[in-house]
Amino acid sequence: MKPITFLVNDTFRKKTEPLVVPQRLLLGPGPSNAHPRILEALQNTLVGHLDPVFIEIMNEVQDLLRYTWQTSNLLTVPVSGTGSAAMEATLANAVEPGDKVLIGVNGYFGNRLVDMAGRYGADVETLRKPWGQVFGLEELDAALKKHQPAILALVHAETSTGACQPMEGVGELCRKYNCLLLLDTVTSLGGVPLFLDEWGVDLAYSGTQKCLSCPPGLAPFTMNERAIEKLNRRHGKVPNWYLDMSMVASYWGSERTYHHTAPISMNYALREALRLVAEEGLEARWTRHRKNAELFWEGIEALGLSCHVEEAYRLPSLTTVRVPKDVDAKSVSQRLLREYNIEMPGGLGELAGKVWRVGLMGYNSRPENVQTLLNALKNVL
Ligand SMILES: *Cc1c(COP(=O)(O)O)cnc(C)c1O
């Protein structure tokens, strides 16, 4: 027999060392450091995605997500992907071509919603505010009255600005104008008071790597009966196969039909992250985030710096700190990373060069981290 020979191109066959990653303190807009118990959960051996053990894990993840979001929505699942995947899932399922979608744009992620909604054929209208400000009920009322949209989309916690959109009364307005309320809760889930059902939110999404302190890779998604009704009334199929929630729901619901292979290990991690939320309790967790943020805000003022967002609308999970006139934002961020292993990046878009973004999220929301950052910042400045 002729010996088997292969013609292999070895150009990219690099010799690499075992992975060594520096111990960073991630105090930016996400990811935040993973809780040690979550990293431990990731080390568990794999089971199949239809194994009864995994199905029980799926049920627990769904219930714990409902608790964390304060919703009883049946369709509450982690989408396989990062926050943007669940963001896209809300629009892919709810938007039909030609639907009017009103989007509040007061930061980077409002613009991302505009881009995505347009790709699904929405007739997009925007309500704009300077970055760092929030929308009042009267302006929302006037815009809903003017545009009569099928969907109003807002960002609860704008990670690019540090502003928290007040939600009281918005759900009632949306019912008055017969439109769905879609909410980005990526930087609020597990860190900032959030009551989906009480607020009348019809569709929401989040991420795992912000206030849940889990690695990125899964994205919580939920929709209520009003949103499901709209999905069921669609004339055509959801234009995105992977994110079609009517199909994903039959894997996560009672039928358990295969759709795609769930990222098993990431679900172990999310389960542990949500267990930590349930152990601590939402009230205690929200209070902890608030207290550590206040500690940071006091420290910032003591350093002669100021916050970009008015205190009443400031997010506990993310603070934008104004860069003083004679300081180069980027070189401060670079020095913090290089000399102190602290990640604290600058602003985006309208706020580029004007602010730093400081995340005190989940496991990282601790007084010792606040002190470490303030000391380092003091030295660098
Ligand atoms: C991080 C973030 C997203 C996007 O999530 P990815 O996990 O980066 O895809 C969306 N909205 C907000 C408000 C965010 O902070």
Side-chain angles (χ1 to χ4, degrees), residues 26-34 38 65 69 77-92 103-117 119 129 131-135 153-167 181-194 196 201 203-222 240 242-243 263 266 269-270 273 289 293 308-309 313-320 343-351 355-362 364-365:
L26 302 177
L27 299 182
S32 57
N33 289 90
I38 297 173
L65 269 179
W69 247 330
V77 301
V79 167
S80 306
T82 66
S84 306
M87 184 178 200
E88 186 145 357
T90 55
L91 295 164
I103 302 175
V105 180
N106 54 352
Y108 180 88
F109 292 101
N111 281 326
R112 184 173 292 184
L113 281 166
V114 170
D115 186 357
M116 283 184 180
R119 289 170 192 241
K129 265 276 169 86
W131 289 28
Q133 293 184 23
V134 295
F135 300 101
L154 294 172
V155 178
H156 182 220
E158 240 310 344
T159 324
S160 63
T161 71
C164 186
Q165 172 62 43
M167 292 307 297
L181 175 56
L182 190 163
L183 194 64
D184 178 318
T185 66
V186 177
T187 295
S188 52
L189 186 67
V192 180
L194 190 47
L196 280 199
V201 175
L203 292 130
Y205 59 87
S206 193
T208 51
Q209 76 274 25
K210 312 231 172 156
C211 300
L212 296 178
S213 285
C214 193
L218 283 178
F221 168 99
T222 190
N240 185 315
Y242 195 73
L243 300 175
M266 278 308 303
L270 179 57
H289 277 79
H308 178 65
V309 176
Y313 306 117
R314 224 176 269 165
L315 270 176
S317 46
L318 191 123
T319 303
T320 39
E343 184 173 274
M344 185 197 76
L348 299 169
E350 266 181 40
L351 294 177
V355 298
W356 290 293
R357 290 178 296 155
V358 179
L360 291 168
M361 302 182 185
N364 280 353
S365 171

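Just so you know, ligand 1 is whichever comes first in the structure, and atom 1 is the first atom listed for that ligand. This one's a predicted model, so the numbers in the text were calculated from it and none came from an experiment.
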Exercise for the section: Report yes or no: does Gln165 contribute a side-chain atom to a donor-acceptor pair with the main-chain N or O of Leu183 at less than 3.5 Å? Expected result: no
Exercise for the section: Identify, for atom 8 (O) of ligand 1, the protein heavy atom at the shortest distance, and state residue, atom and that distance. Expected result: Gln209 NE2, 3.9 Å
Handout entry: N/O donor-acceptor pair under 3.5 Å between Arg357 side chain and Gly346 backbone
Key = yes
Problem - Protein heavy-atom partner closest to atom 14 (C) of ligand 1 - residue, atom, separation in Å - result: Lys210 NZ, 3.1 Å
Fill in the blank from the handout: If you scan protein heavy atoms around atom 3 (C) of ligand 1, the nearest is Phe109 CE2, 3.4 Å
Problem - For atom 6 (P) of ligand 1, the option (of Gly81, Gly83, Gly217, Ser160) bearing the nearest heavy atom - result: Gly83
Problem - Any donor-acceptor N/O pair, Ser188 side chain to Ala157 backbone, under 3.5 Å - result: no
Practice task
Say whether, by atom type as modelled, one donor and one acceptor occur between the side chain of Asn106 and the main chain of Gln133 under 3.5 angstrom.
Solution key: yes
Handout entry: Sub-4.0 Å atoms of ligand 1 with respect to non-hydrogen atoms of Thr187
Key = 15 (O)
Practice task
Indicate yes or no for a side-chain donor-acceptor contact from His308 to the backbone of Trp131 under 3.5 Å, with no hydrogens or angles considered.
Solution key: yes
Completion exercise
Note: Ala86 and Pro220 closest approach over all heavy atoms is CB-O, 3.7 Å
Fill in the blank from the handout: The option among Leu113, Thr185, Thr82, Thr159 carrying the non-hydrogen atom nearest to atom 13 (C) of ligand 1 is Thr159
Practice task
Report yes if Ser84 has an N/O atom closer than 3.5 Å to an N/O atom of ligand 1; otherwise report no.
Solution key: yes
Practice task
Kindly say whether Met87 contributes a backbone atom to a donor-acceptor pair with the side chain of Asp184 at under 3.5 angstrom?
Solution key: no
Practice task
Take every heavy atom of Ala157, measure it against each atom of ligand 1, and state whether any distance is under 4.0 Å.
Solution key: yes
Exercise for the section: Compare Val155, Thr161, Asp184 and give the one whose heavy atom is closest to atom 12 (C) of ligand 1. Expected result: Asp184
